[in-house]
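Chain A is the first sequence line, chain B the second, and so forth, proteins listed ahead of strands; every chain is numbered from 1.
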Amino acid sequence: MQKYKAPPGTHDIFPGAAKWEENSAKWGEIESEFRRLCRLYGYGEVRTPVFEQTDLFVRAVGTGTDIVAKEMYTFIDRGDRSMTLRPEGTAPAIRSYIENGLYGDGGVTKLFYIGPIFRYERNQKGRYRQHYQCGLEALGSSEPDLDAEVIQFALSFYKAIGIERLNLKLNTVGCPVCRPLYRKALLEYAEPLLTDMSPDNQRRYIENPLRMLDSKDPHDQELLKDAPNLIDFVCEECSSHFQRLQSLLIELGVPWELDTRLVRGFDYYTKTAFEVQSPDLGAQSTLCGGGRYDGLVQELGGPTTPGIGFGLGIERALIALQTLSQESTPRTSVEAFVVTLGERARASRAVLLSDLRKSGISVDTDYSGKSIKAQMRAADRAGSRYAVIIGDNEIDSGSAQLKNLETGEQVEVEFGSLAEKLIN
RNA sequence: GCGGUUAUAGCUCAGUUGGUUAGAGCGCUAGGUUGUGGUCCUGGAGGUCGAGGGUUCGAGACCCUUUAGCCGCCCCA
């Protein structure tokens with residue numbers, strides 16, 4: 001039995017992996033598609049450290065949240081500082097925005113990131129202790145136009161990679177003016193029912209009352225059927241923001257589902273909250289989550305700056321994509337494979353490989369001195385379209401045998417014109 | 001943190017009520033073709049049966065412990 005394994009809840013990403021969420025070629029496709037859209041929408045990349053001082057996350061995400069209470073990878077470094085592997089992407093991006101003064105020119109600053117996220121959780125399908133998110137943050141405008149654009153970005157990303165079946169869930173979670181009023185009303189409503197509710201909801205009543213609403217317990221749902229709705233409590237400003245956003249989404253042709261029970265896990269969200277879910281994913285169906293956070297930049301010590309963003313899970317996107325796709329798992333391949341016979345051919349191989357690569361042709365070869373038959377098999381397995389065969393005869397004549405492995409055709413080509421021939 | 005379930009070759013899995021030397025398919029490798037892949041045929045390598053302990057004349061199988069995977073709850077991407 002092997003001694004070392006990837007730590008619990010983590011996974012490798014490698015060439016040829018059968019599961020797409022572990023296949024490095026599929027990862028490349030996702031990331032380059034995301035980057036392409038970022039260029040299209042005007043986002044610039046920010047890369048932040050994978051760890052930050054613990055207090056950044058406590059401050060941003062909120063003490064009462066599950067993430068801060070029990071899911072952070074926190075350690076004391078050798079300088080006696082408390083550090084935490086980032087459990088989400090927004091706080092570090094905002095920290096960097098403030099630290100580097102990226103709010104210079106008075107317009108909207110658009111940032112994106114791609115990187116690992118760490119949360120200490122029990123793993124299951126689509127849930128890891130280290131997973132990767134592509135995320136973006138748009139800072140400097142409180143206009144609902146920006147909300148609409150960000151949401152539409154997320155949806156067009158999924159469409160671009162080939163996921164069509166999606167549910168967009170939308171809600172407004174109010175702001176520091178109106179949310180406390182609602183919270184109070186909800187607590188008043190729930191208190192007499194509390195003894196009848198599930199233990200989970202009794203806990204939520206104390207820790208995070210709004211979360212009671214999305215309990216999956218049918219009995220809880222029955223009890224909360226007539227609970228007050230946040231949407232009836234939001235202030236004038238939040239309400240008109242939400243109205244405007246919805247009409248923009250109609251104009252953009254984006255369908256959504258109003259989910260008044262949608263509550264997200266971070267305390268920093270204000271007004272718009274949204275999730276993109278896939279009906280093809282299993283229990284962990286959320287592909288993307290995001291929302292507006294108008295108080296966060298100030299909370300973290302920057303100037304008063306509204307913002308909105310989202311994070312989307314790369315693994316979950318790939319899991320959903322693979323369940324929907326007929327496509328077989330991709331493998332890496334080269335255009336040509338050099339096969340040698342005898343010492344003289346082997347001796348001249350290095351220069352041949354080098355020349356072909358200089359011409360931009362991807363080539364590989366066998367490094368273990370196998371028989372020609374084995375080398376041909378290796379060429380086949382490498383997915384190569386051509387085999388370039390050289391032996392004593394070819395060295396003497398100054399030309400190679402070029403075999404098309406798809407058609408079986410074989411022609412003699414002078415060394416000097418091999419590259420040109422392979423390009424066509 | 002809670003619950004269910006699984007662990008045998010590189011991969012997918014067989015392995016009958018405990019009984020010789022633990023099997024198959026795929027993959028890998030060598031040959032059939034002393035210079036030609038994908039099909040076919042033949043041979044070969046590869047497993048302290050997740051780990052530790054126990055019951056037994058005898059354990060891959062039964063019991064306990066432990067570790068890990070998978071799935072669900074919680075929560076989230």
**Request:** Using only side-chain N and O atoms of Lys373(A), determine if any of them is under 4.0 Å from OP1 or OP2 of rU33(B).
**Result:** no
**Asked** Can you tell me the Watson-Crick or wobble partner of rA51(B), both distances under 3.5 angstrom?
**Response** rU65(B)
**Message:** Within the 4.0 Å heavy-atom criterion, would you say Ala374(A) contacts the bases, only the backbone, or no part of the nucleic acid?
**Reply:** sugar-phosphate
**Message:** Using whole Å, what does the distance between atom P of nucleotide rC28(B) and atom NZ of Lys370(A) come to?
**Reply:** 9 Å
**Request:** Could you check whether Arg381(A) gets within reach of a base, just the sugar-phosphate, or nothing at all, counting any heavy atom under 4.0 Å?
**Result:** sugar-phosphate
**Touch class at under 4.0 angstrom, heavy-atom based, for Gly126(A) against every strand present** = base
**Request:** Identify whether any heavy atom of Glu406(A) sits under 4.0 Å from a base atom; if not, whether one sits that close to sugar-phosphate; answer base, sugar-phosphate or nothing.
**Result:** base
**Request:** Remember a base hit wins even if backbone is also touched, and classify Arg204(A) as base, sugar-phosphate or nothing at under 4.0 Å, heavy atoms.
**Result:** sugar-phosphate
**Prompt:** Taking the six-membered ring for Trp, are Phe112(A) and Tyr43(A) ring centroids under 6.0 Å apart?
**Reply:** no
**Asked** If you measure from the P atom in rG47(B) to the same atom in rU56(B), how many Å do you get, rounded?
**Response** 32 Å
**Request:** Looking at every strand, decide which applies to Tyr386(A) at a 4.0 Å heavy-atom threshold: base, sugar-phosphate, or nothing.
**Result:** nothing
**Request:** Rounded to the nearest angstrom, tell me the gap between atom CD1 in Ile67(A) and atom P in rG1(B).
**Result:** 17 Å
**Asked** Taking atom types as modelled, is there a side-chain donor on Tyr268(A) or Glu88(A) under 3.5 Å from an acceptor on the other?
**Response** yes
**Prompt:** In whole Å, what is the span from the OH atom of Tyr120(A) to the P atom of rA77(B)?
**Reply:** 20 Å
**Request:** Could you tell me whether the side chains of Asp259(A) and Asn171(A) share a donor-acceptor contact shorter than 3.5 Å?
**Result:** no
**Asked** Within this structure, what is the CD1-to-P distance between Ile372(A) and rG37(B), rounded to whole angstrom?
**Response** 8 Å
**Message:** Using a heavy-atom cut-off of 4.0 Å across all strands, would you classify Gln375(A) as base, sugar-phosphate, or nothing?
**Reply:** nothing
**Nearest to side-chain heavy atoms of Thr286(A), which nucleotide of rA77(B), rA30(B), rG35(B)** = rA77(B)
**Item:** Rounded distance (Å) that lies between atom C1' of rC71(B) and atom CD of Gln284(A)
**Value:** 11 Å
Give me, pair by pair, the N or O atoms of the protein and of nucleotides 66-70 of chain B that are less than 3.5 Å apart, along with how far apart they are.
from, atom 1, to, atom 2, distance (Å)
rA68(B), O2', Lys5(A), NZ, 3.3
rG69(B), OP1, Gly9(A), N, 3.4
rC70(B), OP2, Asn123(A), OD1, 2.4

**Prompt:** How far does the P atom of rC41(B) sit from the matching atom of rA9(B), given to the nearest Å?
**Reply:** 26 Å
**Fill in**
Between CG of Leu210(A) and P of rC75(B) the distance, given in whole Å, is 13 Å
**Message:** Strictly distance-based, threshold 3.5 Å: is any side-chain N or O of Arg316(A) a donor or acceptor partner for the main-chain N or O of Gly126(A)?
**Reply:** yes
**Prompt:** Under 3.5 Å, is there a donor-acceptor pair linking the side chains of Glu137(A) and Thr90(A)?
**Reply:** yes
**Message:** Assess whether a salt bridge exists between Arg385(A) and Glu406(A), defined as any Lys/Arg side-chain N lying under 4.0 Å from an Asp/Glu carboxylate O.
**Reply:** yes
**Prompt:** With sugar-phosphate meaning primed atoms plus P, OP1 and OP2, does Glu394(A) contact a base, only sugar-phosphate, or nothing at under 4.0 Å between heavy atoms?
**Reply:** base
**Asked** Rounded to whole angstrom units, what separation is found between the CD1 atom of Ile114(A) and the P atom of rA77(B)?
**Response** 17 Å
**Asked** Taking NZ, NE, NH1 and NH2 as the nitrogens, is one of them in Asp147(A) or Lys271(A) under 4.0 Å from a carboxylate oxygen of the other?
**Response** no
**rG31(B) phosphate, OP1 or OP2, under 4.0 Å from Ser371(A) side-chain N/O** = yes
**Message:** By the 4.0 Å heavy-atom rule, please label Ile389(A) as base, sugar-phosphate, or nothing.
**Reply:** base
**Request:** Using a 4.0 Å heavy-atom cut-off across all strands, classify Thr65(A) as base, sugar-phosphate, or nothing.
**Result:** nothing
**Asked** Is the Phe34(A) to Phe157(A) ring centre distance short of 6.0 Å?
**Response** yes
**Asked** So what does Gly408(A) hit on the nucleic acid, given a heavy-atom distance under 4.0 Å: a base, only sugar-phosphate, or nothing?
**Response** base
